[in-house]
Amino acid sequence: MNDVLGYEGKRAVVTGAASGMGAAATDLLVELGAHVTALDVKPVERAGVQSLVVDLRDRAAIDAAVDAVAGPVDAVFSVAGLPGAPFSDVDTVTVNFIAARHLIESLLPKMAPGSAAVCVASNAGLGWQQELEQLVPFVSATDFEGAVAWCEENPKAIYPGYLFSKKALNAWVAWRGTALVKDGIRLNCTNPGPTDTPMMPTFEEQAGKEIIDAFVGPSGRRSTAVEQAWPLLFLNSARSSYVAAEALHVDGGFLGAMTTGQL
Ligand SMILES: NC(=O)c1ccc[n+]([C@@H]2O[C@H](COP(=O)([O-])OP(=O)(O)OC[C@H]3O[C@@H](n4cnc5c(N)ncnc54)[C@H](O)[C@@H]3O)[C@@H](O)[C@H]2O)c1
């Protein structure tokens, strides 16, 4: 069976496409025959890719990029992210959650039933289900500017910005994905474990190598960017047509081991 994921001739939008998981997803999509529009603060120099240089902290820049994307859009991969320090908590939440949400919401008019979007959250967002009282109003009742303003006004609530951004993504995917599936559009996310990408040295500096290693599951190793990219392609493909409002833990068994007390 050829083209089992069905990306040949499809239009995909990928954020964070210049590096790490986003670059890996872009490479796979191009190999599979998709037309890729890449959004990143850095240019993406890959043959066959439309590169739009966008700072995701800038709502107007996102809106201009959305205008430049030819529809229909079949698959959105929201992968871009900031690791927290040295970036501020507000910038981190803006790129990791507020911009991801705004981009996907803005692309919806170009997405037909059968299309899908996936966000990259993180195992750092584990425990979001216990914080729904705060998270649901934030993810469901704010627009771009309102969400940024709330973050600026509530520095303690969003500290540390990286964890808060990933909890917000999980909560939004569960909440919003529930409504979107009724229109035939699927929204999901992944929660990766430690992955060897250019972001990793920053995590090691911030948290210490021991803490990062503690998040390595029973597989005993970090994942590669490609091992994170394939599940993203799978979730956005027609092969996952009954998977919606879901978080897939791509963590080498970490969550299973933790849940059953084996870590
Ligand atoms: N590496 C890990 O261990 C790990 C683990 C869990 C989740 N994640 C998440 O995976 C996603 C991909 O990260 P990665 O590990 O591939 O890191 P990476 O640093 O290699 O890639 C991040 C990409 O986001 C882009 N980006 C950053 N700020 C931007 C902005 N303001 N506007 C537009 N683009 C911007 C960068 O230019 C870069 O291309 C992120 O959301 C990250 O939080 C990473």
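Just so you know, ligand 1 is whichever comes first in the structure, and atom 1 is the first atom listed for that ligand.
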*Between Phe164 and Phe138, does the ring centre distance come in under 6.0 Å?*
yes
*Which protein heavy atom lies closest to atom 5 (C) of ligand 1, and at what distance to 0.1 Å?*
Gly193 O, 3.5 Å
_Going by the closest heavy atom to atom 14 (P) of ligand 1, which one wins out of Thr202, Thr195, Thr197?_
Thr197
*Examine Leu82 against ligand 1 and note whether any of their N/O atoms are separated by less than 3.5 Å.*
no
_Could you identify the single nearest non-hydrogen protein atom to atom 8 (N) of ligand 1 and state the distance to 0.1 Å?_
Tyr162 OH, 3.5 Å
*Could you walk me through whether Leu108 and Leu180 pass side chain to side chain contact (heavy atoms under 4.5 Å, CB included), step by step?*
CA-CA 10 Å; Leu108 285 175; Leu180 286 176; 3.8 Å; yes
*Is a side-chain N or O of Asn188 found less than 3.5 angstrom from the main chain of Val173, in a donor-acceptor match?*
no
*Below 4.0 angstrom from a heavy atom of Val95, which ligand 1 atoms are there? Numbered from 1 as shown, please.*
31 (N)
*Heavy-atom distances under 4.0 Å are what count here, so tell me which part of Ala17 touches ligand 1: side chain, backbone, both or neither.*
neither
_Between Asp183 and Ile185 (side chain of the first, backbone of the second, donor and acceptor by atom type, cut-off under 3.5 Å), is there such a pair?_
no
*Can you tell me which residue and heavy atom of the protein come closest to atom 27 (C) of ligand 1, and the distance to 0.1 Å?*
Gly81 O, 3.5 Å
*asked:* Taking Asp55 first and then Arg57, would you say they form a salt bridge - that is, a charged N and a carboxylate O separated by under 4.0 Å?
replied: yes
*To the nearest 0.5 Å, tell me how far Leu56 CG sits from Ile62 CD1.*
5.0 Å
*How far apart are the C-alpha atoms of Asp251 and Asn191, what are their side-chain angles, what is the distance that settles it, and do they pass the side chain to side chain contact (heavy atoms under 4.5 Å, CB included) test?*
CA-CA 7 Å; Asp251 62 4; Asn191 284 321; over 6 Å; no
*asked:* For ligand 1, which is the ligand I care about here, please tell me if Pro194 has any N or O atom under 3.5 Å from one of the ligand's N or O atoms.
replied: no
*Flag Pro192 as yes when one of its N or O atoms lies below 3.5 Å from any N or O atom of ligand 1, and as no otherwise.*
no
*Using a strict cut-off of 4.0 Å, indicate which atoms of ligand 1 neighbour a heavy atom of Pro198.*
20 (O)
*State whether the shortest distance between N or O atoms of Val41 and N or O atoms of ligand 1 falls below 3.5 angstrom.*
yes
*Take every heavy atom of Ala225, measure it against each atom of ligand 1, and state whether any distance is under 4.0 Å.*
no
_Close side-chain approach of Pro155 and Asp89, heavy atoms under 4.5 Å_ = no
*Of all the non-hydrogen atoms in the protein, which one sits nearest to atom 9 (C) of ligand 1, and at what distance?*
Val120 CG1, 3.6 Å
*Can a non-hydrogen atom of Ala121 be found less than 4.0 Å from any atom of ligand 1?*
yes
*Between Met111 and Val73, what is the shortest heavy-atom contact and its length?*
CG-O, 3.5 Å
_Testing the basics here: between Pro83 and Met199, what is the closest heavy-atom pair and its distance to 0.1 Å?_
CB-CG, 3.7 Å
_Can you confirm, on distance only, whether ligand 1 has an N/O atom lying under 3.5 Å from any N/O atom belonging to Asp40?_
yes
_Heavy atom of the protein closest to atom 23 (C) of ligand 1 (residue, atom name, distance)_ = Gly16 CA, 3.8 Å
*Taking every non-hydrogen atom, the tightest pair across Thr92 and Ser165*: O-CB, 4.2 Å
_Could you tell me, atom by atom, which parts of ligand 1 come under 4.0 Å of a heavy atom of Val54?_
32 (N), 33 (C)
*If you count the atoms of ligand 1 from 1 in the order shown, which ones are under 4.0 Å from a heavy atom of Ser122?*
6 (C), 7 (C)
*atom 18 (P) of ligand 1: the protein heavy-atom neighbour that sits closest, reported with distance to 0.1 Å*: Ser19 OG, 3.5 Å
_Residue pair Val93 / Gly161: nearest heavy atoms and the distance that separates them_ = CG2-O, 3.6 Å
*asked:* Taking 4.0 angstrom as the limit and counting only heavy atoms of Gly20, give me the atoms of ligand 1 inside it, by number and element.
replied: 16 (O), 20 (O)
*asked:* Can you tell me if Ser165 contacts ligand 1 (heavy atom of the residue under 4.0 Å from the ligand)?
replied: no
*ligand 1 versus Arg222, non-hydrogen atoms closer than 4.0 Å: side chain, backbone, both, neither?*
neither
_Any nitrogen or oxygen of Asp55, side chain or backbone, less than 3.5 Å from one on ligand 1?_
yes
*With a 4.5 Å limit on heavy-atom distance, are the side chains of Val30 and Arg46 in contact?*
yes
_Determine whether Phe77 and Val36 satisfy the following criterion, side chain to side chain contact (heavy atoms under 4.5 Å, CB included), listing intermediate values before the conclusion._
CA-CA 10 Å; Phe77 297 81; Val36 179; over 6 Å; no
*For the salt bridge (charged side-chain N to carboxylate O under 4.0 Å, His left out) test, which of Lys110, Arg59, Arg176 pairs with Glu105?*
Arg176
*Closest protein heavy atom to atom 40 (C) of ligand 1, given as residue, atom name and distance to 0.1 Å*: Val79 O, 3.2 Å
*NZ on Lys209 to CD1 on Ile211, rounded to 0.5 Å*: 12.0 Å
*asked:* Suppose I only count heavy atoms of Met200 and a 4.0 Å limit; which atoms of ligand 1 are within that range?
replied: 3 (O)
_Considering non-hydrogen atoms of the protein only, which is the closest contact for atom 30 (C) of ligand 1, and what is the distance?_
Leu56 N, 3.7 Å
*Among Lys166, Lys42, Arg57, Met199, which residue places a heavy atom closest to atom 17 (O) of ligand 1?*
Met199
